[in-house]
Every structure is written in C-alpha cells, then in structure tokens.
Amino acid sequence: MKGIIFDLGGVLVHTDEYHYQAWKILADRLNIYFDRTINNRLRGVSRMESLDIILEGWQGRTFTQTEKEELAQEKNACYRKLLRQMTPQSVEPEVRDTLRQLHQREYDLAVGSSSKNTKAILTYTQLSGLFQAVSDGTNITRSKPDPEVFLKAADWLGLPPRECAVVEDAPAGIQAAKSAGMLAVGLGEGAGCEQTDRSIVQLHDLLTLFP
Ligand code: B16
Ligand code: MG
C-alpha cells in the first residue's frame, strides 16, 4: 500500500454526533420519530439521501423537490452552527499522532468523505496540512456506496486503486472501497461488515497494519 484514504465523519472526527443533533431538531419540528439507530443508517450517505431516510417516518403529504431542498438546507444551517464549536482539540491526540506517523512513514494520505462540509471541518480542526488530497461531497455526483469519492482521491494522489487502503466506519463506505478495488479497513460499525478486509479498534492500530 502506498496511499491511505480516510473517511472523515466517524473516523477522524465525531461529526456523526453533530449530524444526529441537527437531524433530530428537524425531525422533532416535523414530529417525525428519529433515534440513534436510524442515525446509524445515515453514516456515509449524502445529505439528500439522509433526508429521504428521515422522511420514511413522515405521515403527511409528499414533499416537492424544492421543499425537500429547503428541509436539507435547514438541517445544514443547524449543522454548520454546531460545527463552529470545532477546534484542533476536537481531534483526539491519537488520531493526529497516527496521521503524523503515517506521513513520516511516507504514505500518501487523503480524505474521502461524502460531506460537502469537509473543507470547513478540516480548517476548524487544522487537519488540512496532513493530507495530499481531499475528495469530498463537492466533487462527486454519486455518494457512497458508489466508489467515485475514493477513485477521485486515488487519482489525485497519483496512485492506482490497488495501492490504496480506505479507512471507514460506515457499511456504505466499506462497500465503496471494495467497489473501488481498494483494501477496506473497518473501524466501529465498519469493522463488522462482511466485505471488510481488516478490522481495527482504534486508529493507532493502523501503525501495525502499515509499518
Ligand atoms: P453533509 P463521511 C458523511 O460524512 C456523513 O457520514 C453522513 O452522515 C452525511 O450525510 C454526509 O457526510 C453528507 O454530509 O451534509 O455535510 O454534506 O462519513 O463520508 O465523512
Ligand atoms: Mg463516516
């Protein structure tokens, strides 16, 4: 392996909690049942697909596309407010240390995230400088489990997919990594997927996998 592509939310930072809080506010306003189990289904999937999952609990008339876009914008405005709390301290020392050591070992590092807010998160947390490429929700037309986001990251690193590993917490992301022809390293929920090639408990375990 020459390149390692990291998912962002749920792997490098805990933005999954902020997504939960922002969707919860919208769901409560619409009187839709929403809990952390449903929130787990949103991992790695795009904002509009996440909204469709939440609206499965909606009993009223069908929303128009414009109304759905307004609802997604409402959630995103709330999410962006929550993101403003993020600082370099929002990244666990173990995460930053692992990235630094892999960088010193001369692996090429990239981000592969479905989020359109990726660049803001990397700026707030001062993580940007550690990555040679950032592929995110702003440069793809199809979200995970489609491999597009990871193939673009590998392309920007100048590496063939077979020389890249992906670190993911979401089943959709593990599926995307395998469709891309990459090694799938699973963390959290991603560790238990059938397609996962290597499971890790914490990010530091990458230092054993990638000497
Ligand atoms: P945004 P990741 C994903 O980030 C999240 O896991 C997913 O829950 C979210 O819906 C998606 O980003 C889109 O996020 O609304 O910020 O564009 O895990 O791929 O880093
Ligand atoms: Mg994730």
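Numbering of ligands and ligand atoms starts at 1, following listing order. Both backbone and side-chain heavy atoms feed into the values below; hydrogens, waters and symmetry mates do not. Every value quoted in this text rests on a predicted model; they were computed, and no experiment measured them.
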Which residue supplies the protein heavy atom nearest to [atom], what is that atom called, and how far is it?
{"atom": "atom 5 (C) of ligand 1", "result": "G44 N, 3.7 Å"}
{"atom": "atom 3 (C) of ligand 1", "result": "S114 CB, 3.9 Å"}
{"atom": "atom 8 (O) of ligand 1", "result": "L42 O, 2.8 Å"}
{"atom": "atom 2 (P) of ligand 1", "result": "D7 OD1, 3.0 Å"}
{"atom": "atom 15 (O) of ligand 1", "result": "R47 NE, 2.7 Å"}

If you measure every N or O of N117 against every N or O of ligand 1, does any of those distances drop under 3.5 Å? yes
For S113, is at least one N or O under 3.5 Å away from an N or O on ligand 1? yes
Establish, from distance only, whether the side-chain atoms of [X] and [Y] form a donor-acceptor pair under 3.5 Å.
{"X": "R36", "Y": "N39", "value": "no"}
{"X": "S46", "Y": "E49", "value": "yes"}
{"X": "Y33", "Y": "D35", "value": "yes"}
{"X": "Q73", "Y": "E69", "value": "no"}
{"X": "S90", "Y": "T125", "value": "no"}
{"X": "N76", "Y": "N117", "value": "yes"}

Pick whichever of S115, A22, G112 has a heavy atom sitting closest to atom 16 (O) of ligand 1. S115
Under 4.0 Å from any heavy atom of [X], which atoms of ligand 1 are there?
{"X": "L8", "answer": "20 (O)"}
{"X": "V45", "answer": "7 (C), 9 (C), 10 (O), 11 (C), 13 (C)"}
{"X": "K144", "answer": "19 (O)"}
{"X": "K116", "answer": "1 (P), 16 (O), 17 (O)"}
{"X": "Y79", "answer": "16 (O)"}

With respect to the Mg ion (ligand 2), please indicate if V11 possesses an N, O or S atom at a distance under 2.8 Å. no
Using non-hydrogen atoms of the residue, decide whether G137 is closer than 4.0 angstrom to ligand 1. no
Any non-hydrogen atom of S50 lying under 4.0 Å from ligand 1? yes
K75 to Y79, cation-pi by 6.0 Å centre distance and 45° axis angle: yes
Under-4.0 Å salt bridge between R41 and E56: yes
Test of geometry: compute the angle OD2(D7)-the Mg ion (ligand 2)-OD1(D169) and round it to 10°. 80°
Same cluster (ILVMFWY, side-chain, under 4.5 Å), F150 and V111: no
Ring pair (Phe, Tyr, Trp, His ring centres under 6.0 Å) pairs touching residues 176-211, sequence neighbours excluded, are Y107-F210
Look at the aromatic rings of F34 and Y20 and report parallel, tilted or perpendicular, splitting at 30° and 60°. parallel
